[in-house]
Visitor: 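I have a structure I would like to understand better, so I am pasting it below and will then ask my questions one at a time.
Hydrogens, waters and symmetry mates are skipped; everything else that's a heavy atom, side chains included, is used.
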Number of protein chains: 2
Amino acid sequence: MQTRLVEYFLALEREGHFARAAAHCNVSQPTLSAGIVTLETQLGKRLIRRDRKYAGLTAEGEAILPWARQLVAAAEALGQAAETARGPLKGELRLGAIPAAMPAIGCLVAAMQARHPGLNVSIRALTSRQIERDLAAFELDAGLTYLDFEPPAHALSVPLYVERTMLVSAVDGVAVPDPLDWAGLAILPLCLLHQGMQNRRILDARLAERGLALRPLVTADSYVALLGLVQQGRLCSIIPDSHATLLDGLSWARTHAMPQADEGSRVGVIVSDSAPMGPLAQAVLGVARELRLPQGFRTG
Amino acid sequence: MQTRLVEYFLALEREGHFARAAAHCNVSQPTLSAGIVTLETQLGKRLIRRDRKYAGLTAEGEAILPWARQLVAAAEALGQAAETARGPLKGELRLGAIPAAMPAIGCLVAAMQARHPGLNVSIRALTSRQIERDLAAFELDAGLTYLDFEPPAHALSVPLYVERTMLVSAVDGVAVPDPLDWAGLAILPLCLLHQGMQNRRILDARLAERGLALRPLVTADSYVALLGLVQQGRLCSIIPDSHATLLDGLSWARTHAMPQADEGSRVGVIVSDSAPMGPLAQAVLGVARELRLPQGFRTG
DNA sequence: TATGCCTTATAGAGCATAGCTATCAAGGGA
DNA sequence: TCCCTTGATAGCTATGCTCTATAAGGCATA
């Protein structure tokens with residue numbers, strides 16, 4: 001069983017295109033094409049549906065997909081383990097983080113690189129569900145996400161901090177009642193994350209408990225976009241307090257406590273709980289356990 | 001990364017001998033020797049300590065051992081998944097079972113082969129600790145063992161039956177008091193399993209709670225050996241009631257209830273809980289869940 | 001209808017590598 | 001000293017992966 005051929009298969013599944021998959025694997029198109037045929041011959045099944053162009057996987061192809069991913073992940077882990085049997089880690093650490101946790105990721109990455117200077121880090125902003133999915137598909141080494149809501153199966157986690165939310169408005173913008181109650185919040189002109197995003201789902205759930213619903217005038221998928229909207233003065237937004245550090249120097253922004261000191265949402269590092277655990281995952285968990293976040297991140 | 005070379009490495013680690021490892025891999029000794037060198041070159045580390053003969057693994061070799069096992073297990077699982085994407089399983093199912101559970105393994109295997117006619121099954125009698133170790137090393141697909149004592153981590157289980165023990169003696173052998181109490185048990189001439197075996201540890205623990213200890217005159221590692229000793233008439237033994245079915249036709253044997261209806265020990269199937277779960281493990285769990293054991297195996 | 005492009009498969013050559021047999025070198029024991 | 005065990009080396013063969021070049025089928029457009 002050639003790991004290389006399985007990589008061809010996975011690249012083809014990702015790209016949906018022979019030539020692009022070949023380029024991604026740094027081989028020629030005929031090489032990848034022949035490699036797929038070889039793999040199909042060795043396994044005794046057709047994996048790809050073709051009618052003059054790529055047309056998805058066969059049922060057998062879909063069936064072996066998880067095992068193919070595990071195989072290349074295992075090969076990768078073996079190389080990592082050999083390279084780092086002693087001494088610092090090398091290679092690339094693939095991190096996924098929810099947007100709300102982005103302010104914290106700098107601390108985590110800095111701590112990782114302090115411990116392992118040769119390590120490259122690749123950060124992707126993802127939804128919590130994408131993080132879960134990509135961890136299972138071995139396309140991420142670790143994730144930074146919520147620990148309490150719909151926690152993924154087969155995952156180990158280390159809590160880092162508790163996120164609370166706050167309302168932010170422009171100094172010369174809409175008037176925010178003080179103190180703010182839930183009903184008052186619901187009638188404010190708001191811009192929020194898209195409805196599918198977990199942070200938004202949590203917020204919606206809190207209001208739904210009280211029979212209220214938010215009707216944001218604008219939705220976006222990034223807090224930077226929300227802050228840009230707030231800066232215009234016409235809207236308010238609700239953002240995690242971890243972003244407060246980013247707002248410290250902003251003269252135009254004003255923050256308000258949310259209607260009720262909510263219990264907060266635990267945010268932490270998760271890795272796939274496979275046996276044995278890869279060296280990268282081990283390292284991330286180890287660093288996360290010892291991590292001390294700066295002021296502005298509450299731990300309980 | 002060549003799966004083949006990693007198999008060479010694992011075979012060498014198991015056999016501790018280049019030529020034997022090569023024979024086990026169905027290749028010549030120089031081939032395996034060169035394969036190890038190639039693997040060491042690709043990984044950039046020496047894996048084997050050599051001074052004119054095999055002298056164990058280096059630290060790096062030990063470090064990558066779990067990942068090497070996972071890699072070949074993943075390759076194996078990929079082949080299995082492709083072969084059995086639809087239709088019955090093929091290949092070899094490697095089962096480990098504690099001696100006490102051997103009478104039940106026939107039912108499990110029969111049910112597996114009824115569902116998957118092409119499946120070969122290889123059964124090994126092992127201690128519960130060996131089962132746990134070999135599952136982690138991907139050298140077993142499933143185990144039949146105790147579920148309640150020192151359950152292994154990273155394992156999924158399905159309970160099958162509850163094992164209770166009974167005393168067995170020869171009809172014309174030593175007199176057994178009726179009813180039997182713990183103190184009376186302790187002074188009987190007994191033959192039992194070796195002290196390290198888990199069934200024996202459980203029994204010893206039960207007596208230790210009452211300040212008693214068994215001093216068997218003979219110990220063995222198989223119930224057949226114990227029954228042979230009992231047949232001589234001089235000794236009694238304590239065996240699981242699952243063996244009662246085997247004694248049904250024996251005129252020379254007499255069974256006695258143990259001093260106290262003990263709570264019994266749950267026995268069931270365990271598989272390694274890795275993601276994704278191999279097709280063999282899935283099949284064993286599925287069959288075990290639907291398995292109906294015959295009379296003589298209590299389920300609660 | 002003809003042309004051109006996009007996509008995948010095929011052909012043939014070159015090279016790397018894994019396999020074999022035969023043999024050698026270094027210890028260890030009789 | 002001789003012989004056996006153990007692993008490494010040499011030389012050769014065969015397999016097979018990779019490349020470039022090209023063919024073939026479909027689709028859009030002139």
Side-chain angles (χ1 to χ4, degrees), chain A residues 1-58 60-62 68 71-72 75-76 78-79 82, chain B residues 1-58 60-62 64-65 68 71-72 75-76 78-79 82:
Chain A
M1 184 69 49
Q2 291 284 60
T3 303
R4 205 75 207 283
L5 303 184
V6 181
E7 290 177 40
Y8 293 168
F9 171 68
L10 291 180
L12 180 55
E13 190 272 334
R14 272 197 304 273
E15 301 291 329
H17 189 280
F18 277 70
R20 276 202 301 277
H24 197 271
C25 294
N26 297 314
V27 297
S28 69
Q29 172 265 315
T31 297
L32 186 131
S33 197
I36 297 293
V37 172
T38 302
L39 184 63
E40 289 181 325
T41 306
Q42 284 182 1
L43 294 180
K45 305 276 176 181
R46 298 198 56 85
L47 304 175
I48 308 291
R49 279 206 313 271
R50 310 139 151 114
D51 55 334
R52 292 299 119 204
K53 58 184 294 189
Y54 178 83
L57 302 181
T58 64
E60 287 88 358
E62 291 286 353
L71 177 60
V72 302
E76 182 69 24
L78 176 57
Chain B
M1 184 69 48
Q2 291 284 60
T3 303
R4 205 74 207 284
L5 303 184
V6 181
E7 290 177 40
Y8 293 169
F9 171 67
L10 291 180
L12 181 54
E13 190 271 334
R14 273 198 303 273
E15 301 292 328
H17 189 279
F18 277 70
R20 276 201 302 275
H24 196 271
C25 294
N26 297 314
V27 296
S28 68
Q29 173 265 315
T31 296
L32 186 132
S33 199
I36 296 293
V37 172
T38 302
L39 184 63
E40 290 181 324
T41 305
Q42 285 182 0
L43 295 179
K45 305 276 176 180
R46 297 196 60 83
L47 303 174
I48 308 292
R49 278 207 314 270
R50 312 143 152 108
D51 56 333
R52 290 301 120 202
K53 57 184 296 188
Y54 177 83
L57 302 181
T58 64
E60 288 88 359
E62 291 285 354
I64 70 161
L65 201 48
L71 177 60
V72 302
E76 182 69 24
L78 175 58

Visitor: Rounded to the nearest angstrom, tell me the gap between atom CZ in Arg46(B) and atom P in dG7(D).
Guide: 14 Å

Visitor: Taking the side chain of Phe18(A) as its heavy atoms from C-beta onward, which of dG19(C), dA9(C), dA8(D) lies nearest to it?
Guide: dA9(C)

Visitor: Please say whether more than 12 non-hydrogen atoms of neighbouring residues, nucleotides or ligands are located less than 6.0 Å from NE2 in His17(A).
Guide: yes

Visitor: For the side chain of Ser33(A), starting at C-beta, report the closest nucleotide among dA9(C), dC20(C), dC19(D).
Guide: dA9(C)

Visitor: Check whether any side-chain heavy atom of Val27(B) sits under 4.5 Å from a side-chain heavy atom of Arg4(B), and report yes or no.
Guide: yes

Visitor: Tell me the interatomic distance from Lys53(B), atom NZ, to dA26(C), atom C1', rounded to whole angstroms.
Guide: 13 Å

Visitor: Just call it for Val37(A): base, sugar-phosphate, or nothing, with non-hydrogen atoms closer than 4.0 Å on any strand.
Guide: nothing

Visitor: Nearest to the side chain of Arg4(B), heavy atoms from C-beta on, is which of dT7(C), dG19(C), dA8(D)?
Guide: dG19(C)

Visitor: Would you tell me if any nitrogen or oxygen in the side chain of Ser28(A) comes within less than 4.0 Å of OP1 or OP2 on dT18(D)?
Guide: no

Visitor: Run the numbers on Ile36(B) and Arg50(B) for side chain to side chain contact (heavy atoms under 4.5 Å, CB included), then give the verdict.
Guide: CA-CA 12 Å; Ile36(B) 296 293; Arg50(B) 312 143 152 108; 3.6 Å; yes

Visitor: Rounded to whole Å, how long is the line connecting atom NE2 of His17(A) with atom P of dC5(C)?
Guide: 16 Å

Visitor: Write down the distance between CG (Leu12(A)) and P (dT7(C)), rounded to a whole number of angstrom.
Guide: 13 Å

Visitor: Give the rounded distance in Å between these two atoms: OH of Tyr54(A) and C1' of dA9(C).
Guide: 17 Å

Visitor: I want to verify a distance call: between dT7(C), dA18(C), dC20(C), whose nearest atom is closest to the Leu5(B) side chain?
Guide: dA18(C)

Visitor: Rounded to whole angstrom units, what separation is found between the CZ atom of Arg50(B) and the P atom of dG27(C)?
Guide: 16 Å

Visitor: Determine: side-chain N/O of Thr31(A) to OP1/OP2 of dC17(D), distance under 4.0 Å, yes or no.
Guide: no

Visitor: If you check the Val27(B) side chain, which of dC20(C), dT18(D), dA9(C) turns out closest?
Guide: dC20(C)

Visitor: Check every atom of dA18(C), dC17(D), dC20(C) against the side chain of Thr38(B) and return the nucleotide holding the closest atom.
Guide: dA18(C)

Visitor: Which distance, rounded to the nearest 0.5 Å, do you find between the CZ of Arg20(B) and the CZ of Arg14(B)?
Guide: 12.5 Å

Visitor: Test side chain to side chain contact (heavy atoms under 4.5 Å, CB included) on Leu57(A) and Ile48(A); report intermediate values, then the result.
Guide: CA-CA 4 Å; Leu57(A) 302 181; Ile48(A) 308 291; 3.5 Å; yes

Visitor: To the nearest angstrom, how far is Glu40(A) atom CD from dT8(C) atom C1'?
Guide: 13 Å

Visitor: CD of Gln29(B) versus P of dT9(D): gap in Å, rounded?
Guide: 11 Å

Visitor: Select one nucleotide: of dG19(C), dA21(D), dT6(D), the one nearest the side-chain heavy atoms of Pro30(A).
Guide: dA21(D)

